[in-house]
Amino acid sequence: MKLPKVYKASDYEEKIYKIWEDSGSFTPRSKGEAYSLVLPPPNATGKLHVGHASMVAIEDTIVRYQRMLGKSVLWVPGTDHAAIATNAVVEKRLAAKGTDRHELGREKFLEEVHSYVAKSQDDIRRQIRALGASLDWSRERYTMETAMNRIVGEVFIKMHDDGLVYRGRRIVNWDRILQTTVSDDEVDYHEEVTTFYTFKYGPFEIGTARPETKFGDKYVVMHPDDKRYSQYTHGQEFEADWISGKIRAKVIKDKAVDPEFGTGVMTITPWHDAKDFEIAQRHKLDMQQIIDLDGRLLDVAGDMAGLDIAEARNAVVEKLRSKNLVIKEDKTYRHNVAISDRGKAVIEPQIMEQWFVDVNKPVVKWKGKTQSIKQIMQQVVHDQDIEILPKRFNKTYFHWIDNLRDWCISRQIWWGHRIPAWYRLKEGGGHEIKVGFEEPEGEGWNQDPDTLDTWFSSALWSWSTLISAEVANDPKNSLDEMLKKSPDYKKFHPTNLLETGYDILFFWVARMILSTTYVTGEIPFKTVYLHGLVRTKTGAKMSKSTPEGSIDPLDMIEKFGTDALRLALVFGQTPGSDVRIYEEKIEAQRNFCNKLWNIARYVESKFGDEKIEPKPKAEHTADHWILSRLAVTTKGVSANLDKHQLGKAFEILQNFIWGDFADWYIEVSKIQYNPELLAYVLDTTLRLVHPFAPYVSETIWGTLGWRESLLIEEDWPVVKAGDQKKTAEFDEIVNIVKEVRHIRTQLKMDDNYLYHKTSDFLEENKDLIVKLTGLRGVRKVSSGKGLHLNSTVMECWIDVSAHKAHSYMLKLITKREESKQLVSKLEERLANKKYTKQAPKELVEQTAQQLADQKILLEKLEKEVGSFEGAIRRT
RNA sequence: GGACCCGUAGCUCAGUUGGCUAGAGCGCUUCAUUGACGUUGAAGAGGUCGCAGGUUCAAGUCCUGCCGGGUCCACCA
């Protein structure tokens with residue numbers, strides 16, 4: 001025997017992956033319809049986590065299926081430079097060495113990052129490979145490679161030329177720890193209980209949770225309709241005693257103020273609050289910076305200048321208290337604090353000059369109309385050019401776009417694509433700005449030190465990965481020429497599928513739609529499959545900080561094998577819903593792989609050295625039955641894979657392999673042996689299972705050696721008309737055998753004879769039944785009046801001792817009661833005129849038929865009970 | 001404050017546009033098993049489908065309200 005008794009995944013996986021990769025199976029074939037998708041690029045310095053495993057499992061399953069359908073499939077690998085995250089890691093390493101980026105200088109710092117990335121990039125590549133991902137590594141890309149830099153820069157320049165990218169002075173989210181701006185989407189809000197103060201401010205009472213920002217406040221704002229303050233007019237000035245002494249303040253009336261909240265009056269701090277900024281802009285008010293970029297108070301704070309913002313609150317309150325200006329303190333006030341997603345610092349809004357993408361400017365051509373990128377983003381999903389799975393995310397998507405503001409794309413970190421813009425001091429003040437790769441002519445130009453938001457470059461991923469590096473690196477090529485000169489782009493774009501987590505719908509998916517429609521005039525992908533989060537057994541999020549229940553994919557691969565891990569992740573997988581993963585689940589799938597392995601072992605042992613050609617040649621009843629089941633399974637698996645319902649597809653397949661093939665057909669084959677068909681069923685099963693469990697299926701395929709080619713390159717099974725016929729007879733056998741087993745178990749009759757009313761059909765299959773039930777004999781009963789296969793229990797007359805008969809009778813009585821209930825229920829239903837009139841005809845007919853059948857069964861049951869009662873009385 | 005999702009067996013979940021006696025896997029109990037199988041096979045127990053109304057011949061499924069759990073967005077000085 002060639003196959004060992006147990007499938008040990010780790011003995012085969014690495015070898016198999018190498019065979020696949022060397023064979024060129026991962027690169028698209030020249031023939032066939034194109035099918036493409038990109039791997040959402042993992043962080044180049046990241047470590048593989050179970051989320052990656054889930055992503056790869058889903059995508060690889062789809063990719064292998066499409067490949068087996070004969071398509072020319074491209075799945076593009078790549079890694080992401082993850083600007084802020086990587087920048088932070090390297091800065092931390094520098095700090096440990098007692099230095100920092102400023103001491104090192106920009107160039108040295110970037111060298112440091114590059115070498116750090118290069119080192120860890122290999123790890124993630126290896127780990128993705130270990131998952132069995134059939135990615136085309138010859139086309140691997142990296143978001144920070146030089147070609148990408150060129151593409152990203154060109155897009156920036158193009159957007160600038162079209163007026164979509166502009167330099168503006170606006171309020172942005174400032175992270176004081178990372179020392180950079182972050183986008184709205186990178187800000188989280190955490191609820192916090194804090195003190196809400198009410199202060200006396202001139203003739204007013206104002207409320208605030210942030211006294212430490214109030215130094216420069218010189219406007220009080222109230223709703224114009226608020227009757228309590230109707231004696232004050234807009235623009236009216238007054239004097240107030242405030243933190244650093246007497247100030248002159250002004251009354252502003254604005255509808256943004258909620259009269260219900262607090263006293264209905266507030267002061268504003270435009271420099272450090274988005275809403276205040278808007279009010280100030282509306283009324284053209286002065287704005288003053290209170291807090292510097294390190295989070296310290298500026299000179300405006302007087303003797304408190306230089307104090308850290310976190311420490312300033314008490315000082316300010318004490319000062320006001322000493323002036324008797326504190327009226328009320330509510331210590332139970334709940335509000336949300338803005339926290340930076342990456343740096344975990346409290347976000348301090350600041351007014352800064354930054355680069356923005358204008359989402360409302362109608363300058364983009366789409367389907368013959370000139371529109372804003374916001375409108376196009378809405379339209380492509382609305383028109384169903386792009387389908388989002390599950391559908392309910394459409395609503396979330398639209399809602400996000402409705403609230404979308406101009407996107408701040410400049411970051412003050414060094415690691416990233418440097419902004420291709422140049423500044424020069426203008427005579428008489430101000431700056432002159434030029435946008436372009438090359439330093440402009442003339443003296444005194446300096447390049448913008450800032451870099452672009454990571455998502456600005458990630459947003460180009462669907463098509464930038466399809467542009468060949470040589471074409472992109474040639475400075476003569478414009479963006480349009482790059483697209484035209486790239487055969488991969490022409491063949492594979494738009495991509496067919498984008499598979500990613502719903503948590504980055506906004507970060508990435510929406511922005512890909514934004515950039516791609518603008519630059520290429522095409523949608524980036526046709527279908528978006530949003531998978532859920534991977535959770536622990538108890539439903540908690542898997543995170544580094546709470547490792548309880550967390551699953552390390554690499555450990556699991558070693559312990560149970562890649563296939564087992566992948567199957568556990570695909571099991572129950574449906575778009576948009578979270579999946580729980582834990583060891584028992586993986587172990588169960590390991591057992592499934594082993595089951596498959598042993599099916600193959602059995603078949604192989606049966607064949608010995610015989611050369612068998614797999615053929616769908618059916619001879620016996622059971623043969624037709626298994627062929628039919630195989631056809632139904634193939635149909636079901638294919639249909640669900642087409643719908644991206646991987647969980648369902650696999651469930652159908654697993655039920656077939658375990659329940660039909662192993663438990664029934666293999667058992668039957670021990671009596672009625674049809675080698676060609678047995679081989680055929682195994683051959684087809686391996687094809688069906690390959691997208692889900694590539695390693696074990698390929699290993700078996702190779703060991704059996706029935707065919708020259710690799711399984712990965714083989715064709716997906718096709719269902720032929722007629723494959724589904726002739727199953728009724730075997731279904732009967734299955735039913736009878738099940739029933740026989742059932743009664744036998746119930747009565748614990750190990751050696752009793754089982755008398756059958758039997759027909760010629762039963763007689764013909766007698767050996768089979770004897771074998772399958774393990775019973776010693778089936779005796780034909782001569783008094784048989786013909787066979788009623790449909791009424792299950794009645795098939796068996798059992799000669800048993802009285803107490804066994806009694807328990808059997810109880811069983812019969814239970815059945816009879818159930819049957820009675822059903823009969824009366826059905827009768828009632830049919831007696832209902834509204835039902836017979838209004839329900840669909842087929843349904844009524846069905847019900848009538850069911851009633852008739854049930855009545856026959858009931859009659860039989862009653863007779864049977866009667867005869868048993870008689871029998872018991874006799875003994 | 002706005003939106004979305006979920007609540008079905010001890011656990012994890014299926015249940016299509018309302019329609020046959022509400023299902024699966026795991027776990028548990030019992031029986032069998034040296035013959036492809038880290039076991040596996042057969043069977044059993046276990047459910048007022050969160051609660052209360054409504055629509056309908058018919059509701060786990062549709063509608064309304066409530067309770068409980070979760071997620072996203074906005075944001076209040």
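Order of the sequence lines fixes the chain letters, A, B, ..., with proteins taken first and strands second; residue numbering starts at 1 for each chain.
- When the P atom is used for both rG50(B) and rA9(B), the distance is 8 Å, rounded to whole Å.
- A ring-centre distance under 6.0 Å is not found for Tyr695(A) and Tyr12(A).
- Judged by distance alone, with hydrogens and angles left aside, Asn403(A) brings no side-chain donor or acceptor close enough to the base of rC73(B) to form a pair under 3.5 Å.
- In terms of phosphate contacts, Tyr333(A) brings a side-chain nitrogen or oxygen within less than 4.0 Å of OP1 or OP2 of rA77(B).
- Taking the P atoms as reference points, rC51(B) lies 11 Å from rU61(B), given to the whole Å.
- Separating the NZ atom of Lys837(A) from the P atom of rA58(B) is a distance of 15 Å, rounded to the nearest angstrom.
- Base engagement by Tyr7(A) is indicated by at least one non-hydrogen atom pair under 4.0 Å involving a base atom.
- The 5' end of RNA chain B is approached more closely, in terms of each residue's nearest nucleotide, by Ala9(A) than by the other of Ala9(A) and Tyr502(A).
- Distance noted for atom P between rU30(B) and rU17(B): 43 Å (whole Å).
- Counting any heavy atom pair closer than 4.0 Å across all strands shown, Thr847(A) reaches no nucleic acid atom.
- Separating the CZ atom of Arg590(A) from the C1' atom of rC37(B) is a distance of 12 Å, rounded to the nearest angstrom.
- Rounded to an integer number of Å, the gap from Leu704(A) CG to rA36(B) P is 17 Å.
- Checked against salt bridge (charged side-chain N to carboxylate O under 4.0 Å, His left out), Arg313(A) has the following partners two or more places apart in sequence or in another chain: Glu212(A).
- Both Thr263(A) and Ile599(A) lie close to RNA chain B; mapped to their nearest nucleotides by heavy-atom distance, the more 5′-ward contact belongs to Ile599(A).
- Of the P atoms belonging to rA3(B) and rU8(B), the separation is 25 Å, rounded to the nearest Å.
- For Glu583(A), the side-chain contact (heavy atoms from CB on, under 4.5 Å) test picks out Ile551(A), Met556(A), Lys559(A), Phe560(A), with sequence neighbours left out.
- For the ring-ring contact (aromatic ring centres under 6.0 Å, His included) test, residues two or more places apart in sequence or in another chain that qualify with His283(A) are His234(A).
- Atom CG in Asp258(A) sits about 11 Å away from atom P in rA77(B), given to the nearest Å.
- Residues from residues 272-280 of chain A that place a heavy atom under 4.0 Å from any atom of RNA chain B, listed by number: Asp273(A), Lys275(A).
- At the heavy-atom level, Asn832(A) lies under 4.0 Å from the strands shown only through sugar-phosphate atoms.
- Counting to the nearest Å, the C1' atom of rC37(B) and the CZ atom of Phe592(A) are 13 Å from each other.
- In this model, the phosphate group of rU40(B) is not approached by any side-chain N or O of Trp658(A) to a distance below 4.0 Å at OP1 or OP2.
- Of the candidates rC75(B), rA77(B), rC37(B), rC37(B) carries the atom nearest the Asn594(A) side chain, counting heavy atoms from C-beta on.
- Here rG69(B) presents its P atom at 16 Å from CZ of Arg535(A), a figure rounded to the nearest Å.
- By the side-chain contact (heavy atoms from CB on, under 4.5 Å) test, Asn598(A) is found to be paired with Asn594(A), Arg601(A), residues two or more places apart in sequence or in another chain being considered.
- Base engagement by Tyr189(A) is indicated by at least one non-hydrogen atom pair under 4.0 Å involving a base atom.
- With P as the reference atom, rC57(B) and rG18(B) are 15 Å apart, rounded to whole Å.
- Look at the C1' atom in both rC26(B) and rA14(B): the space between them is 14 Å, to the nearest Å.
- The side-chain contact (heavy atoms from CB on, under 4.5 Å) search around Lys643(A) returns Asn640(A), Gln645(A), not counting sequence neighbours.
- Every residue two or more places apart in sequence or in another chain was checked for a salt bridge (charged side-chain N to carboxylate O under 4.0 Å, His left out) with Asp330(A), and none qualifies.
- Atom C1' of nucleotide rC73(B) and atom CG of Asp503(A) are separated by 15 Å, given to the nearest angstrom.
- The P atoms of rG60(B) and rU48(B) are separated by 14 Å, rounded to the nearest whole Å.
- Here Tyr201(A) and Phe199(A) keep their ring centres 6.0 angstrom or further from each other.
- Using a 4.0 Å heavy-atom distance criterion, Val603(A) is classed as making no nucleic acid contact.
- The distance between the ring centers of Phe692(A) and Phe592(A) does not fall below 6.0 angstrom.
- In this structure, Ile206(A) reaches neither bases nor backbone, as no heavy-atom distance under 4.0 Å exists between it and the strands shown.
- Between the CG atom of Leu404(A) and the P atom of rC72(B) there is a distance of 19 Å, rounded to whole Å.
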Study note, to complete from the structure: Heavy-atom contacts, protein to nucleotides 4-21 of chain B, under 4.0 Å, summarised as B (base), S (sugar-phosphate only) or - (none) per nt, yield SS------SS-----BBB

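- Residue Ala662(A) is in base contact, counting any heavy-atom pair closer than 4.0 Å across all strands shown.
- For an aromatic pair to be called close, the ring centres must be under 6.0 Å apart, and His335(A) with Tyr333(A) satisfies this.
- In RNA chain B, runs of at least 3 stacked Watson-Crick or G-U pairs (N1-N3 plus N6-O4 or O6-N4, or N1-O2 plus O6-N3, all under 3.5 Å) give these stems: B:1-7 with B:67-73, B:10-13 with B:23-26, B:28-32 with B:40-44, B:50-54 with B:62-66.
- Taking atom P in both rG15(B) and rG7(B), one finds a spacing of 10 Å when rounded to whole Å.
- In the set rC72(B), rC57(B), rA77(B), the nucleotide with an atom closest to the side chain of Met266(A) is rA77(B).
- Tyr189(A) meets the side-chain contact (heavy atoms from CB on, under 4.5 Å) test with Val187(A), Asn336(A), Ala338(A); sequence neighbours excluded.
- Remark: Phe261(A) engages Phe196(A) in a ring-ring contact (aromatic ring centres under 6.0 Å, His included) (not counting sequence neighbours).
- The aromatic rings of Phe607(A) and Tyr673(A) are tilted relative to each other, their planes meeting at an angle between 30° and 60°.
- Listed by first then second residue, pairs satisfying salt bridge (Lys or Arg N to Asp or Glu O under 4.0 Å) with a partner in residues 252-269 of chain A read Asp254(A)-Arg282(A), not counting sequence neighbours.
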